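Input: a single structure, listed below in structure tokens.
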There are 2 protein chains.
Amino acid sequence: MATIYEVSKAAGVSLATVSRVINKNAVVSAKTREKVEQAMLDLGYRPNTIAQSLASSKSNSVGVLVSELDSPFFGEMMSGIETELRRAGKQVIFAAGHNTEKIEKESIEFLLSRFCDALIIHVEETPEEYLQQLSEGKVPIYLINRVLDSMKNRCVHMNNELGGYRATKFALDNGHTQIAYIAGPQQKEDAMERLRGYQQALTESGIDFDDSLIVYGDYSEQSGSDCYKQLVDKPKKFSALICGNDEMASGAMKQARDEGVDIPNDLSIIGFDNTSFAQYLYPQLTTIDNPIGQMGQMAACMVLNDVYGHKHAIQRYFEPELVKRKSLIQYTE
Amino acid sequence: MATIYEVSKAAGVSLATVSRVINKNAVVSAKTREKVEQAMLDLGYRPNTIAQSLASSKSNSVGVLVSELDSPFFGEMMSGIETELRRAGKQVIFAAGHNTEKIEKESIEFLLSRFCDALIIHVEETPEEYLQQLSEGKVPIYLINRVLDSMKNRCVHMNNELGGYRATKFALDNGHTQIAYIAGPQQKEDAMERLRGYQQALTESGIDFDDSLIVYGDYSEQSGSDCYKQLVDKPKKFSALICGNDEMASGAMKQARDEGVDIPNDLSIIGFDNTSFAQYLYPQLTTIDNPIGQMGQMAACMVLNDVYGHKHAIQRYFEPELVKRKSLIQYTE
DNA sequence: TTGTAGGCGTTATCAA
DNA sequence: TTGATAACGCCTACAA
């Protein structure tokens, strides 16, 4: 592979000049630039990114930590990030944290050891103190779906409460008043925010919400089924069921169907996240769209601005929209 | 960050010696090694991977090209690759080809420009000649789901024909004799292989297969619905339907249900791939498991062996298994 | 506007 | 078994 040195000889200029036209930072006369560019073309020259990194102490790569590589949710997030960063010629390194504090930490250190210029991370288990400490290091850290006061301008998040609210409001607007809720784990903040939205919508409508209509799952499909069983065992009846995520909605749907309940005629269901399989469910799931792809893209733009001097417009806050499909219908006696 | 130089000073040895203990390749006296290791510990030394790469002309990173980052199928593949490579301390760079010849090519060149030590690629559109040419370059190329004679030992693939055969055989074994087939695109080799398996199973059972029971889709869910319509418009009846992939199976199920057909009581359905949403479908889809995660892992092992001198056991050929779920039942009059 | 030269942190070749 | 020292390919003051 041709080096900058050979290019400089071929073009009859110095190393430094070639470097200048590569990096387009310093001014080079049009004539010289042309000569150099021609020489690069002739030689099929491609800068050696590794040498560039070593000399400039920039790796032109950004590390991304997701929980799982094989999940529709994180798939969208990765895709959003990769598209934006690729366009800018940056390299993306993905690592999986598997919802485990230990692995999340190892992954972060792995990414750091590869000299990433920035990290975009979606962590579940990493304690705030560690993030805090990280953010004080030289490598900037960007958070998705988590907000730390001390680094607000590097966090992008969605209003989960509003999502829960909108789902519930939609059920209310369709005449439902007995609305059950299968929430995510109580120790997960997003789960609790979504639940709060539910409660707020009910309160706002003058409906006393009944704790017995709320059960807690762990976001898995199985727990959706289990929670549904708990719910029907209670005396309180309900015509609509809102779930903390689509997986649990799917589990609940299956269980309900197994018990002979017709969805949506006997029971309306709303999910959360608009995971890609939501449209494969039967009936197609009405849910709340989680714009995770866009959020990933925004995080990428923030990195591009802060680290590489770009000027993208930034949006740090997102609002989830309702996606109307077939699992909820107007309430009838 | 401490450098190798500081370590050498602290340990009272030369640069070269430190390098030796880092790379564990040359022999170093136990005493010296200990001194050096202590010094590294004291200084919190971590080798600079970029400098290592420049000096050794190995990037310790491998490029992976998938069609989409946000797909359950490729998710599994990426996950299999990443797990194996991460364990070996190698870095993985993913790029998406989006089923487009142009983008696939750009992505490959991007990966190459980042000095990957090897490429693992899953390409749909890239012509054989280009792959051929690539494989003659200095960077070794590994293919998943595609076999080129000239590089057989760098290809890992699954027996698609056997998959089609097993699906069909299962339907036959359950008493079905009128079996329709929704195939993938005719220009895709895997689609045709799966179809051949179907035909072979029928022939073997002494059943004349009827071309009018075969229609061609494009692997999308929508085309599954469309193909189902075509099928029922024909005079020929069928009690089982095999689909070239799970997406089309889902589309066909939806359409059938919309037309009042009860699955599996009126019609049995089998998919292909065992995509993650197959279990979310109603009824849960009986399908053929595509071990794409394992295949990815194997490709990673091959790279590890060939490029980094490991000694993993290698399997280049995989056989797909039937996954029995709920969408097929015994045929009854 | 261009050129010179030192340095980035390692590896690897030769001697010793 | 160890130590000098020249690469590796590029960036970036500083000088001209």
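Note that this is a predicted model, so its numbers are computed, not measured. By convention in this document, chain letters (A, B, ...) are assigned in the order of the sequence lines, proteins followed by strands, and residues within each chain are numbered from 1.
Minimum interatomic distance between B/R316 and B/N153 (heavy atoms only, all atoms of both residues): NE-O, 3.1 Å.
Between its two ends, the helix from C/dT1-D/dA16 to C/dA16-D/dT1 turns its axis by 30°, counting five pairs per end and rounding to 10 degrees.
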Could you pull out all donor-acceptor pairs under 3.5 Å where a side-chain atom in residues 71-82 of chain B meets a protein atom, sequence neighbours excluded?
from: B/S71; atom 1: OG; to: B/F73; atom 2: N; distance (Å): 3.3
from: B/S71; atom 1: OG; to: B/F74; atom 2: N; distance (Å): 3.1
from: B/E82; atom 1: OE2; to: B/R86; atom 2: NH1; distance (Å): 3.1

Got a list of side-chain donor-acceptor pairs under 3.5 Å for residues 291-306 of chain A, not counting sequence neighbours?
from: A/Q297; atom 1: NE2; to: A/E84; atom 2: OE1; distance (Å): 2.9
from: A/N305; atom 1: OD1; to: A/K311; atom 2: N; distance (Å): 3.3
from: A/N305; atom 1: OD1; to: A/H312; atom 2: N; distance (Å): 2.7
from: A/N305; atom 1: ND2; to: A/H312; atom 2: O; distance (Å): 2.9
from: A/D306; atom 1: OD2; to: A/Y142; atom 2: OH; distance (Å): 2.5

| field | Working for side chain to side chain contact (heavy atoms under 4.5 Å, CB included), residues B/L131 and B/R146 | value | CA-CA 11 Å; B/L131 292 176; B/R146 193 152 163 181; 3.8 Å; yes
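Take B/Y5 and apply the ring pair (Phe, Tyr, Trp, His ring centres under 6.0 Å) test, not counting sequence neighbours, and it matches no residue.
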| task | Give the B/S/- string for nucleotides 9-16 of chain C, one per nucleotide from 5' to 3', where a protein heavy atom under 4.0 Å of the base yields B, of only the sugar-phosphate yields S, and otherwise -. | result | BBBB----
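With rounding to the nearest 0.5 Å, the separation of CZ in A/R154 from CD1 in A/I144 is 14.5 Å. Taking CD1 from B/I121 and CG from B/L143, the interatomic distance works out to 5.0 Å, rounded to the nearest 0.5 Å. With rounding to the nearest 0.5 Å, the separation of CZ in B/F115 from OG1 in A/T49 is 5.5 Å. In this structure, A/N145 CG and A/K188 NZ are separated by 11.0 Å, a value rounded to the nearest 0.5 Å.
In 5' to 3' order, the nucleotides of DNA chain D bounding all contacts with chain B (an atom under 4.0 Å from a heavy atom) are D/dT1 to D/dG9.
Using a 4.0 Å heavy-atom cutoff across all strands shown, B/T17 reaches sugar-phosphate atoms only and no base atom.
Ring pair B/H157/B/F318: centre-to-centre distance not below 6.0 Å.
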